[in-house]
Amino acid sequence: MDQFQRPYLLLLMFPILILYFYQWKQNPYGPIFFIKSDRFQKLNSTLGIQFRRILYSFTEFLVYLSMVFLVVAAAGPGSKYKLSPDSTKGVDIMIALDISGSMVNSYDFLPRNRLSVSKDLLREFIKKRLYDRIGIVVFAGAAYLQSPLSSDRFALDELIAGTSSEDIEEQGTAVGDALVLSSYRLKNSEAKSKVIILLTDGVSNTGKLDPDTAAYTSKTMGIKVYCIGIGKEEGQYEINYESLQKISSNTNGKFFRAESPEVLESVLNEIDQLEVVELPSKPLEIQETQFPVFVFFTFISLILYLLLKIYPLKEKI
């Protein structure tokens with residue numbers, strides 16, 4: 001239970017509580033509406049009498065408890081759930097993230113390195129893509145699948161946050177391998193749009209496949225590749241922007257240069273705006289009501305009140 005349809009009705013609890021405490025203060029051992037309190041003054045202080053006094057007090061409490069349950073039921077307690085449309089109708093995105101040594105040892109994003117900036121901005125990007133599936137490939141001298149296509153935003157966020165350059169022992173930048181592995185994970189996708197976001201700061205200098213062949217593979221599968229060259233061109237590590245631009249052009253994607261954290265953020269925002277597919281239906285919002293439970297407790301309280309009230313009245317007070 002996380003919401004009420006008519007929460008203003010809960011204010012009715014205040015007069016009920018005030019009335020109960022007033023009555024309890026006036027006569028804590030008996031109800032003022034149903035049993036005259038002066039009858040109890042004639043009772044001797046035996047153990048049975050004390051028990052009956054407590055029983056009377058509890059009996060009166062059940063009346064107020066049933067009223068509280070009734071107020072809660074009238075307020076419409078329940079829970080709200082949002083069901084997103086079929087995720088295969090949206091966008092499937094594979095993020096290929098370069099985690100080579102140059103992403104950590106660069107000095108053009110001081111006081112932070114390129115990898116930490118990229119991770120934080122990618123995490124924000126993932127949070128925005130509410131109705132898409134996203135997968136993660138990390139690469140350096142080799143490419144490895146970090147996560148298959150998934151809608152679990154929490155798990156994806158944790159994986160990105162925990163990624164470091166120590167995850168891959170092989171040195172270098174295998175852009176072609178990262179593209180092929182990402183394309184393979186999108187091969188059987190039925191999404192309306194299939195996208196690879198390739199984020200790297202270096203020249204492809206190792207791997208089993210060259211970037212051009214890998215880009216051709218992506219194109220034949222109907223996958224667009226958005227290449228992001230991160231870092232300044234005059235930095236200590238070489239960047240081949242022409243190669244990245246060619247990959248994007250051949251796959252009907254787009255190439256971006258991100259020479260600062262602010263530019264990288266705007267680039268990811270632009271990709272977020274470019275890859276928007278109209279969903280077949282709006283997310284469904286389902287409200288689950290729980291008022292029958294409180295109505296049930298109302299009747300249980302009243303029935304218990306009647307049973308307890310009948311028992312003492314059989315005794316002659």
Side-chain angles (χ1 to χ4, degrees), residues 1-37 39-40 48-90 126-134 149-158 278-315 317:
M1 184 177 67
D2 56 12
Q3 68 164 9
F4 291 91
Q5 295 179 4
R6 296 169 292 276
Y8 54 88
L9 291 181
L10 294 175
L11 296 175
L12 294 175
M13 285 191 182
F14 289 102
I16 294 174
L17 293 175
I18 292 173
L19 184 60
Y20 172 74
F21 283 112
Y22 171 78
Q23 179 172 324
W24 182 85
K25 187 176 180 181
Q26 294 295 317
N27 187 11
Y29 291 112
I32 59 176
F33 296 121
F34 307 105
I35 303 296
K36 293 183 179 180
S37 59
R39 294 185 181 181
F40 288 100
I49 298 302
Q50 294 296 332
F51 171 75
R52 291 171 62 194
R53 288 183 175 182
I54 295 173
L55 191 61
Y56 269 115
S57 180
F58 178 69
T59 302
E60 182 69 6
F61 170 76
L62 286 174
V63 175
Y64 290 95
L65 183 62
S66 64
M67 288 191 287
V68 169
F69 283 139
L70 193 60
V71 169
V72 175
S79 301
K80 183 183 292 185
Y81 303 96
K82 287 188 176 181
L83 301 180
S84 60
D86 188 354
S87 58
T88 61
K89 302 297 184 181
I126 289 173
K127 291 177 182 177
K128 296 178 183 178
R129 309 298 300 191
L130 296 178
Y131 308 115
D132 303 323
R133 295 191 303 171
I134 298 176
L149 291 169
S150 173
S151 300
D152 189 340
R153 298 292 178 272
F154 178 79
L156 292 168
D157 183 76
E158 289 290 311
E278 185 177 354
L279 297 172
S281 60
K282 294 182 179 180
L284 298 176
E285 190 173 273
I286 297 178
Q287 293 185 349
E288 181 183 36
T289 181
Q290 297 175 1
F291 85 91
V293 176
F294 291 93
V295 172
F296 172 77
F297 284 129
T298 299
F299 282 106
I300 291 297
S301 300
L302 289 175
I303 292 172
L304 188 59
Y305 159 75
L306 292 174
L307 292 176
L308 292 176
K309 184 169 181 284
I310 291 171
Y311 166 70
L313 290 179
K314 290 181 179 179
E315 300 284 344
I317 300 179

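Positions are given from 1 along the sequence.
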Going by heavy atoms in the side chains, are [X] and [Y] under 4.5 Å from each other?
{"X": "Val72", "Y": "Phe4", "answer": "yes"}
{"X": "Phe69", "Y": "Leu65", "answer": "yes"}
{"X": "Ile126", "Y": "Asp157", "answer": "no"}

Could you state the interatomic distance from [atom1] ([X]) to [atom2] ([Y]), rounded to the nearest 0.5 Å?
{"X": "Ile134", "Y": "Asp152", "atom1": "CD1", "atom2": "CG", "value": "11.0 Å"}
{"X": "Arg153", "Y": "Asp132", "atom1": "CZ", "atom2": "CG", "value": "6.5 Å"}
{"X": "Leu302", "Y": "Thr298", "atom1": "CG", "atom2": "OG1", "value": "7.0 Å"}
{"X": "Ser151", "Y": "Leu156", "atom1": "OG", "atom2": "CG", "value": "8.5 Å"}

Heavy-atom pair with the smallest gap, counting every atom of Val295 and Ala73: CG2-CB, 3.7 Å
Closest heavy-atom pair and its distance - Val71, Leu9: CG1-O, 3.3 Å
